[in-house]
Undergrad: 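Handing you a structure now.
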Amino acid sequence: MRDKIEKLLSEVEQLAAKREQEVEEIRIRLLGKKGSITQLFDEFRNVLPEQKRELGQVLNSLKIAAVNKIEQLKEMLDESMESEGSAFDLTKPGDSQELGSRHPISVTRREILSIFSKYGYEVAEGPEIEDDWHVFGALNFPPEHPARDMQDTFFITEGDNPILLRTHTSSAQVRAMERISLPIRIVCPGRVFRNEAISARAHCIFHQVEGLYIDKQVTFADLKQAVLLFAREMFGENAQIRLRPSYFPFTEPSAEVDVSCNICGGKGCNICKGTGWLEIMGCGMVDPNVLEANGIDSTQYSGFAFGMGIERIAMLKWQVKDLRLYFENDIRFLKQFETVV
Ligand code: PHE
């Protein structure tokens with residue numbers, strides 16, 4: 001009997017299992033009703049009284065060793081289950097993970113920035129919460145300008161140089177003029193805020209990319225060329241542009257840029273309202289007052305600036321008819337841009 005016990009003990013020590021079912025089989029083989037250890041306990045009844053004490057101890061330790069071993073095997077299997085997931089049934093379908101897609105505003109922002117980066121423009125950013133000086137003062141807005149009205153701008157504080165939510169990313173250009181040495185060639189992407197009622201065509205939050213180029217002898221012809229190159233890369237190589245005179249406090253002369261309608265090719269359709277043209281941005285030569293307000297000698301340097309709404313460019317590119325779609329984040333809308341890199 002002693003031999004049998006010792007043989008079983010060494011067998012128990014070497015037990016291994018790959019599946020839970022095997023562990024159960026081992027338990028039945030050793031400790032089940034007809035299991036080999038159970039049988040030894042039956043035989044133990046016939047052991048001579050003087051051997052009972054010693055054999056009883058070894059037999060008990062065999063049973064304890066077997067119970068512990070089985071526990072240990074179960075634990076090991078549980079652990080490897082956790083780390084390998086469905087390692088036990090490789091035919092089961094995996095958990096499906098849906099890939100997200102870039103938001104159309106991000107797609108468009110990246111495209112605009114990459115076009116300008118080819119022409120040497122660097123990205124410069126600034127804070128969304130700004131002061132009056134960087135949004136208006138340094139940009140030649142007179143004190144009574146309507147943009148400073150509560151109806152147009154979200155003010156955070158009152159006073160001489162109130163804190164407000166920037167209404168355009170031109171403020172990032174002012175910060176760049178403070179920071180960067182000349183020449184300056186930058187594009188400023190970012191979120192802007194205007195106190196407007198939300199509708200299909202307007203929102204109180206939207207996104208802009210504005211550009212600024214300051215060097216010696218920068219002319220209006222350079223501005224026109226920059227805008228044309230951008231329009232052709234964005235809307236196709238046959239795109240035409242036209243400039244209409246306009247007004248901004250920080251540029252003189254100023255213009256509004258239209259691109260030929262990429263839907264009807266200029267013939268006139270309902271997107272361009274029959275005109276053949278779509279408005280894409282504002283631009284102009286930086287007003288000498290702005291250069292001087294930012295410590296740049298306007299007799300030596302000149303520059304141009306432009307600014308566009310990312311939502312608007314994306315609307316024209318994909319014929320999105322309602323601005324609110326960009327902010328609702330309905331995945332049925334967002335998924336349509338999945339293939340657009
Ligand atoms: N800052 C103007 C806006 O927000 C856009 C613009 C930028 C116009 C630069 C001209 C030159 O509407």
Side-chain angles (χ1 to χ4, degrees), residues 105 109 112-113 116 121 123-128 130 132-142 145-149 151-154 164-177 184-196 201-215 218-228 230-231 241-259 278-291 293-294 296 298 302-313 315-316 323:
I105 296 302
R109 187 193 57 224
I112 296 169
L113 294 181
F116 283 106
Y121 288 76
V123 173
E125 287 173 295
E128 291 174 357
E130 262 293 6
D132 184 284
W133 170 253
H134 288 90
V135 176
F136 300 126
L139 289 162
N140 201 36
F141 281 77
H145 193 278
R148 280 198 167 105
D149 199 287
Q151 246 110 59
D152 289 291
T153 301
F154 293 110
L164 45 88
L165 298 182
R166 67 178 177 193
T167 58
H168 51 185
T169 59
S170 305
S171 52
Q173 307 185 344
V174 174
R175 288 193 179 273
M177 286 188 265
I184 291 176
R185 202 198 298 246
I186 51 165
V187 266
C188 306
R191 249 193 316 193
V192 300
F193 308 83
R194 288 183 196 177
N195 193 358
E196 299 213 30
R201 318 204 78 228
H203 208 290
C204 56
I205 301 175
F206 61 100
H207 300 77
Q208 285 189 322
V209 175
E210 296 212 357
L212 176 69
Y213 176 36
I214 302 173
D215 203 346
V218 177
T219 69
F220 200 89
D222 298 320
L223 167 60
K224 214 174 147 186
Q225 185 65 13
V227 171
L228 180 64
F230 167 74
I241 56 161
R242 77 173 181 188
L243 277 73
R244 285 177 289 112
S246 185
Y247 172 78
F248 299 102
F250 35 89
T251 47
E252 181 59 35
S254 307
E256 216 71 71
V257 181
D258 294 342
V259 63
L278 302 164
E279 188 186 314
I280 54 164
M281 65 169 98
C283 66
M285 300 306 291
V286 181
D287 193 301
N289 287 343
V290 172
L291 296 175
N294 290 283
I296 297 168
S298 63
S302 57
F304 65 70
F306 55 85
M308 67 191 97
I310 302 180
E311 280 80 356
R312 176 152 181 86
I313 302 285
M315 277 175 124
L316 299 176
L323 200 65

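Every number for a ligand or one of its atoms is a count from 1 in the order of the listing. All values derive from a computational prediction rather than experimental measurement.
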Undergrad: Gln208 heavy atoms, cut-off 4.0 Å: which ligand 1 atoms fall inside?
TA: 3 (C), 4 (O)
Undergrad: So, Phe248 versus His168, ring centres under 6.0 angstrom or not?
TA: no
Undergrad: Give the residue and atom name of whichever protein heavy atom lies nearest to atom 12 (O) of ligand 1, and the separation in Å to one decimal.
TA: Arg194 NH2, 3.6 Å
Undergrad: Knowing that exactly one of Arg242, Arg244, Arg312 qualifies, which makes a salt bridge (Lys or Arg N to Asp or Glu O under 4.0 Å) with Glu279?
TA: Arg244
Undergrad: Could you grab the distance from atom CD of Gln173 to atom CG of Leu139, nearest 0.5 Å is fine?
TA: 7.5 Å
Undergrad: Counting each atom of ligand 1 from 1 as listed, which ones have a heavy atom of Ser170 under 4.0 Å away?
TA: 1 (N)
Undergrad: Please report the interatomic distance CZ(Arg201) to CG(Leu323), rounded to the nearest 0.5 Å.
TA: 9.5 Å
Undergrad: Check if Phe250 has a non-hydrogen atom at a distance under 4.0 Å from any atom of ligand 1.
TA: yes
Undergrad: Do Glu311 and His207 have side-chain atoms, one donor and one acceptor, less than 3.5 Å apart?
TA: yes
Undergrad: What do you reckon, are the aromatic ring centroids of Tyr121 and Phe230 less than 6.0 Å apart?
TA: no
Undergrad: Is the closest N or O pair between Thr167 and ligand 1 shorter than 3.5 Å?
TA: no
Undergrad: Tell me, which protein residue and heavy-atom name are nearest atom 1 (N) of ligand 1, and how many Å apart are they?
TA: Glu210 OE2, 2.8 Å
Undergrad: Identify, by atom number and element, the atoms of ligand 1 in contact range of Phe306, meaning under 4.0 Å from any of its heavy atoms.
TA: 7 (C), 9 (C), 11 (C)
